[in-house]
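To start, the structure itself, in structure tokens.
Just so you know, these numbers use all the heavy atoms, side chains as well, and skip hydrogens, waters and symmetry mates. Since the structure is predicted, the reported quantities are computational estimates derived from the model, not experimental observations.
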Amino acid sequence: MNKKIFNIPHYIYFAGLTLLLVILFPKEGKFRYSFTEGKPWKYGLLTAPFDFPIYKNAKELKKEQDSIIRHYQPYFALNESIAKKEVAEFESSVAQNHFTNQAYATYVSRKLKEVYLAGIISTEDHDFLLKENHQAFMVIENTIATEHETSNVFTTRSAYSFILDNCPPGLDVEILRSFSIDRFLSANLKYDEVTSDKVKNELLQQVSLSEGLVQAGEKIIDRGEIIDHKTFNILNSLKQVTETREGSNQRKGWISTGIFILVTVFMGFFYLYLYYFRKKIYDNNKDVFFLFSLIGLFTVFTELCISYRLFNIYIIPYAVIPIVIRTFFDSRTARSAHNITILMCTLMAPFPSDFIILQFSTSLVVVYTLTSLTKRSQFIQCSLLVLLAYIVVYLGLVLFQE
């Protein structure tokens, strides 16, 4: 099986790896600038490429939404038939039992009508009103909404207690209990989720998502200027609009075409390098397969880390590429393979300039350190120098940028 793989022509390796990288490459549009509030702008003059709104940040937007939601009142639907049904059933029960003292029946019937008129809600809905601190709510009756105080509404339990606690002096509470009044108490007000959500959304829509407009050609920021809060919001808005515009199917088609061209060109450079300058490697299918696989492995791993946000791509040991290739081949091939890999990964990296400077620096350290492999200790020395190079170059970038 392995021999069949190595008998495959070079151009199949090239075409297969190129196609795989193009398919896996992230297709989302990418904002070309990285920025931090309170830090200087490290690029040239930036002007608005098109008209776009200045969106409010999440904290400000939530504050305004919370402010307007304080005036929101949930909606309940009134079912008038429940009161009529329960009162009628109570009176029917009294008639069937031939209760002689009508004062009790009259009192209970009157109080049932009273609590149903005030409204009875379920215990869950009552807890919801108290939890959300709603002092009042709206009741829909015949398409007309009226406001009701939360403190005036009953639950089935509180309605039962209300009837017993207000028993007139001439009536016996224990006899009232024998009527099983709780059997005739049901919630006639039910939370209307559809209407409540509709009203809430209408209130939230009154909050404007933007706080201004930047016109095409208007200056946003220039090199060296500090990114203050306002400019930071403008840059974030430009980034959001840009990525949204580039997320359309047509834009994704152009992005895919660009990815195909760049990956083909980069892989073609390395393919031509092997053909013209390393004929011995080019004629050995195993060597070509090994080199292409190493480039593809690190590029695909970078794509997966960025697409699925596995972890920071700076954790990936790109310096392994020149170390491994230098061990089996030569410094020039190691540098070429590493450069091609880094160029393709830079297209995906969130901070391209920082990424390419760091990786190219470590590549030079590896190539110049492993000029002649005579001792195993050279690998340890190379690893320490690579770590030192990362630290020094990163420190230099931080001091330069900030």
Given Thr302, which of Ile342, Ile316, Leu297 fulfils the side chain to side chain contact (heavy atoms under 4.5 Å, CB included) condition?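 That would be Ile316.
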Contact list for residues 383-397, test side-chain hydrogen bond (donor to acceptor under 3.5 Å, both in side chains), sequence neighbours left out: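 Residue pairs with at least one partner in residues 383-397: Gln359-Tyr390.
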Hey, could you give me each pair passing side-chain hydrogen bond (donor to acceptor under 3.5 Å, both in side chains) that has a residue in residues 107-116? Not counting sequence neighbours.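 The answer is Glu91-Ser109, Lys111-Glu114.
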Distance only, no hydrogens: is a donor on one side chain within 3.5 Å (strictly under) of an acceptor on the other, for [X] and [Y]?
X      : Y      : result
Glu86  : Ser186 : yes
Thr155 : Ser158 : yes
Ser122 : Tyr191 : no

Does any part of the side chain of [Y], heavy atoms only, come nearer than 4.5 Å to the side chain of [X], both counted from C-beta?
X      : Y      : answer
Met267 : Leu17  : yes
Leu384 : Leu388 : no
Met138 : His148 : no
Thr362 : Tyr318 : no
Met348 : Thr299 : yes
Phe137 : Leu129 : yes
Phe360 : Leu364 : no
Phe25  : Leu347 : yes

Heavy-atom pair of closest approach, residues [X] and [Y]:
X      : Y      : value
Thr346 : Phe355 : OG1-CD2, 3.5 Å
Ile220 : Thr47  : CD1-C, 4.1 Å
Thr36  : Ile227 : O-CD1, 3.6 Å
Ile82  : Asn188 : CD1-CA, 3.9 Å
Val366 : Ala319 : CG2-O, 4.2 Å
Asp192 : Ser196 : O-OG, 2.7 Å

[X] side chain to [Y] main-chain N or O, any donor-acceptor pair under 3.5 Å?
X      : Y      : answer
Asn312 : Ile315 : no
Thr18  : Ala15  : no
Ser237 : Asn233 : yes
Ser293 : Phe289 : yes
Ser92  : Ala88  : no
Thr327 : Ile323 : yes

Which label fits [X] and [Y]: parallel for a plane angle under 30°, tilted from 30 to 60°, or perpendicular past 60°?
X      : Y      : answer
Phe154 : Phe162 : tilted
Phe90  : Phe184 : perpendicular
Phe266 : Phe269 : tilted
Phe292 : Phe270 : tilted

What distance separates [X] [atom1] from [Y] [atom2], expressed to the nearest 0.5 Å?
X      : Y      : atom1 : atom2 : result
Cys167 : Asp172 : SG    : CG    : 7.5 Å
Thr341 : Ile295 : OG1   : CD1   : 4.5 Å
Leu294 : Phe328 : CG    : CZ    : 10.0 Å
Tyr368 : Leu385 : OH    : CG    : 14.0 Å
Ile23  : Glu303 : CD1   : CD    : 10.5 Å
Ile54  : Lys230 : CD1   : NZ    : 6.5 Å

Pairs where residues 123-143 contributes a residue and the test salt bridge (charged side-chain N to carboxylate O under 4.0 Å, His left out) is met, not counting sequence neighbours: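 Qualifying pairs: none.
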For Asp66, which residues count as a salt bridge (charged side-chain N to carboxylate O under 4.0 Å, His left out) partner, sequence neighbours excluded?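 Expected list: Lys62.
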Counting heavy atoms not belonging to Phe128, are there more than 12 under 6.0 Å from its CZ?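 Yes - once you tally the heavy atoms of other residues, nucleotides and ligands closer than 6.0 Å, there are more than 12.
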Around atom CD of Glu218, are there more than 12 heavy atoms from other residues, nucleotides or ligands closer than 6.0 Å?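 More than 12 heavy atoms, drawn from other residues, nucleotides or ligands, come within 6.0 Å of this atom.
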Compute the centroid of each ring, for His134 and then for Tyr72, and state whether the two points are separated by less than 6.0 Å.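 Yes - the distance between ring centres of His134 and Tyr72 falls below the 6.0 Å cut-off.
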Given Arg278, which of Asp283, Asp287, Asp330 fulfils the salt bridge (Lys or Arg N to Asp or Glu O under 4.0 Å) condition?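 Answer after filtering Asp283, Asp287, Asp330: Asp330.
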Derivation of the side chain to side chain contact (heavy atoms under 4.5 Å, CB included) call for Leu185 and Leu112: CA-CA 8 Å; Leu185 293 171; Leu112 283 174; 3.6 Å; yes
Side chain to side chain contact (heavy atoms under 4.5 Å, CB included) between Gln135 and Asn133, intermediate numbers included: CA-CA 6 Å; Gln135 303 299 322; Asn133 197 28; 2.9 Å; yes
Hey, can you pull the donor-acceptor pairs under 3.5 Å for the side chains in residues 203-212, sequence neighbours left out?
residue	atom	partner	partner atom	Å
Ser208	OG	Ser210	N	3.4
Ser208	OG	Ser210	O	2.9

Determine whether Glu225 and Lys219 satisfy the following criterion, salt bridge (charged side-chain N to carboxylate O under 4.0 Å, His left out), listing intermediate values before the conclusion. CA-CA 12 Å; Glu225 294 180 1; Lys219 175 191 171 183; 2.9 Å; yes
Please assess Phe14 against Thr264 for the test side chain to side chain contact (heavy atoms under 4.5 Å, CB included), listing each intermediate value before the final yes or no. CA-CA 9 Å; Phe14 171 79; Thr264 303; 4.3 Å; yes
Quick test of your reading of the model: are Glu64 and Lys56 salt-bridged, counting only N-O distances below 4.0 Å?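 A salt bridge is present here (some side-chain N lies under 4.0 Å from a carboxylate O).
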Is there any ring-ring contact (aromatic ring centres under 6.0 Å, His included) pair reaching into residues 201-224, and which pairs are they, with sequence neighbours excluded?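 For residues 201-224: none.
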Give the C-alpha distance, both sets of side-chain angles, the deciding distance and a yes or no for side chain to side chain contact (heavy atoms under 4.5 Å, CB included) between Arg326 and Val367. CA-CA 7 Å; Arg326 173 64 188 87; Val367 171; over 6 Å; no
Does NZ or CZ of Lys280 come closer than 6.0 Å to the centre of the six-membered ring of Tyr282, within 45° of the ring's axis?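 No, Lys280 does not lie over the aromatic ring of Tyr282.
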